[in-house]
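Worksheet: the structure to be examined is printed underneath.
Any value given below was found using the heavy atoms of this structure, including those in side chains, with hydrogens, waters and symmetry copies removed.
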Amino acid sequence: MRFEDVVELHSPRLYRLAYLYLRDAQSAEDAVQEAFLRYFREQASVGNPGGWLNRVTRNVCLNLLRKQKKEQQVDPMELPEEESEPWPDQVAEALCMSEMLVRLPLAYREVLIWRYYLGVSDHELAMQLDISPSTLRTRLSRARKAAARLLKEEEA
Amino acid sequence: MSIDERLRQMPEEIDREIAVPAGLKQRLGGLSRPPQRRRLPWGSWLTGAVAAAAVVVAAALTLLPGARVNAQTVAGKAEQAVSDPAAAAIAGYFGTITSPTRGETQVSYLAPDKLLTREKATGRVHGLNGKTEWEYDPETHSGTLKTDAPPTAISQLLPGFAPFQQFLAAMTSHHELSIVSSREKVAGRRVYVLKLSDREGVQPDLLAWVDQESYLVLQTQSVAKDGTVLSTSGFTAFTLGKPDPGLFQPNFPPGTNVTTHQQDQTLAALIQRSDLPVREPQDLPADWRLAEPGLVEFQGHKRLSWFYQVAGKTTLSVTVTDQLPERVEQGTPVVRLPMKATAYTNEITGWSGLYWVFGETFYRIEGPNLTTDQLLAIAGALMPS
């Protein structure tokens with residue numbers, strides 16, 4: 001595939017991915033540009049540009065976040081688990097998905113983005129995040145619960 | 001609507017809610033217009049691009065009074081020095097570079113394949129020594145060690161390379177390449193200043209400061225048409241010379257949680273190395289292609305995993321580990337294997353799966369549209385005879 005075709009095909013998704021990580025349009029553009037620069041250099045050895053660019057964009061975003069100190073990576077296992085609160089059965093349909101996502105802690109936001117927006121399997125996602133499958137399942141479960149609460153709160 | 005139903009709508013909702021800036025592709029501009037490939041005798045695609053620019057734009061051959069320096073020659077040598085410094089007869093260098101994305105980074109390079117970078121703000125270290133690649137993050141007190149895998153290309157980690165690559169990629173017949181100075185200094189070293197201008201006056205000018213001795217790119221800059229400097233990356237200290245070879249060994253502080261990765265061996269080799277009780281299953285469908293076998297060693301445990309794919313879609317994932325999970329999904333017990341197995345459906349993906357424990361080893365297989373009988377057959381094929 002020609003380089004410009006890769007840009008055409010993947011840049012909108014990568015921008016949205018970067019935006020969901022960084023919550024800032026300008027930083028997201030910077031991240032996508034850096035990802036494509038790396039791809040430009042390595043394209044001869046990249047077999048699956050889409051997956052490769054997803055991973056590189058994530059790495060670039062995490063590096064930017066670390067540098068900017070905008071957001072600490074929090075181990076979701078240390079987040080308070082509000083077991084006493086019921087998990088809402090129903091959530092609102094009209095509320096903005098992206099606004100809900102950017103309000104989530106990074107660790108929760110990330111697993112939801114990769115699972116539902118990028119459609120990555122459990123196995124691939126666990127490898128990508130370098131966590132065990134059981135940890136991933138726990139994190140996904142808690143992320144979905146947090147998402148449901150946020151959407152419910154918004155509705156209220 | 002349940003949260004699962006809502007989340008499944010995420011792709012459509014995100015695509016609708018987050019508008020991609022109209023200027024994004026223009027910003028990628030030079031990248032989406034890759035240079036024409038005409039090879040010069042030394043065979044680099046880059047030099048071909050430089051030549052193409054030169055053919056169309058005679059002005060690209062800017063000759064400074066008294067200096068008689070050719071812009072395309074400098075650009076060609078710079079590309080070689082940055083992408084393969086050893087081939088460009090650079091024995092080593094060290095210094096500090098400042099960039100918008102990484103802040104201040106200490107860099108040491110020793111030919112042909114050793115590189116160490118350390119980010120000042122975060123303390124993160126990234127090293128290569130030809131055999132091993134490692135990273136250390138003091139914030140999480142964790143490290144990774146990759147052996148037996150192709151290391152990240154040195155050129156990818158070299159500060160200044162990415163902006164210079166952008167510079168080169170932007171070089172098309174629409175641009176004019178020139179040398180605007182040969183008298184400036186960066187980090188105390190004499191440089192040539194290359195300038196790439198968009199003839200249509202749309203894209204920013206790109207500048208690169210190239211060391212006159214080594215031809216390494218010491219600084220890059222993007223400048224808007226109104227003169228505003230958009231970004232600058234460059235060395236603030238630079239020494240051409242060999243750093244201490246002892247720097248290029250993985251060195252983690254005591255107590256660092258180090259994860260070891262091995263990913264470029266065959267599955268058979270990884271199985272043997274892991275010493276986990278598993279065998280590579282035979283008699284799987286002929287069009288199932290084995291993908292991404294990997295062995296991760298962490299905190300005294302091992303995790304072996306791989307996929308099978310058909311036309312890029314995963315048909316089966318396999319995980320074998322000596323780390324027994326604290327909790328697994330509820331599922332339907334199946335006892336047709338020599339050991340007790342449990343079948344389940346992944347509530348998120350809808351995939352079906354099977355897990356079981358044999359001795360001190362946990363196994364999990366999972367895939368779309370697999371029946372319990374198929375999973376049991378695959379499970380049986382995985383177990384050592």
*Would you sort out whether Q323(B) and S132(A) count as a side-chain contact (heavy atoms from CB on, under 4.5 Å), showing the intermediate values?*
CA-CA 9 Å; Q323(B) 184 189 38; S132(A) 70; 4.1 Å; yes

[X] [atom1] to [Y] [atom2] distance, which is reported to the nearest 0.5 Å:
{"X": "L316(B)", "Y": "S121(A)", "atom1": "CG", "atom2": "OG", "answer": "10.5 Å"}
{"X": "E17(B)", "Y": "E99(A)", "atom1": "CD", "atom2": "CD", "answer": "7.5 Å"}
{"X": "E13(B)", "Y": "Y116(A)", "atom1": "CD", "atom2": "OH", "answer": "13.0 Å"}
{"X": "Y15(A)", "Y": "I18(B)", "atom1": "OH", "atom2": "CD1", "answer": "7.5 Å"}
{"X": "L101(A)", "Y": "L7(B)", "atom1": "CG", "atom2": "CG", "answer": "8.0 Å"}
{"X": "W351(B)", "Y": "H123(A)", "atom1": "CH2", "atom2": "NE2", "answer": "9.0 Å"}

*Non-hydrogen atoms of chain B under 4.5 Å away: do they reach the side chain of Y19(A), the backbone, both or neither?*
side chain

*asked:* Between L118(A) and chain B, with a heavy-atom cut-off of 4.5 Å, which part of the residue counts as in contact: side chain, backbone, both or neither?
replied: neither

*Checking R16(B) against chain A: side chain, backbone, both or neither under 4.5 Å from a heavy atom?*
neither

*Contact class of T259(B) relative to chain A, heavy atoms under 4.5 angstrom*: side chain

*With respect to chain A, which residue among T314(B), T144(B), V318(B) yields the maximal number of heavy-atom pairs within a distance under 4.5 Å?*
V318(B)

*Which heavy-atom pair separates E366(B) from D122(A) by the least distance, and what is that distance?*
OE1-CB, 3.9 Å

*Shortest non-hydrogen contact from R16(A) to D15(B)?*
NH2-O, 3.2 Å

Do the side chains of [Y] and [X] get nearer than 4.5 Å, heavy atoms only?
{"X": "N63(A)", "Y": "T122(B)", "value": "no"}
{"X": "E124(A)", "Y": "F307(B)", "value": "yes"}
{"X": "V296(B)", "Y": "M127(A)", "value": "no"}

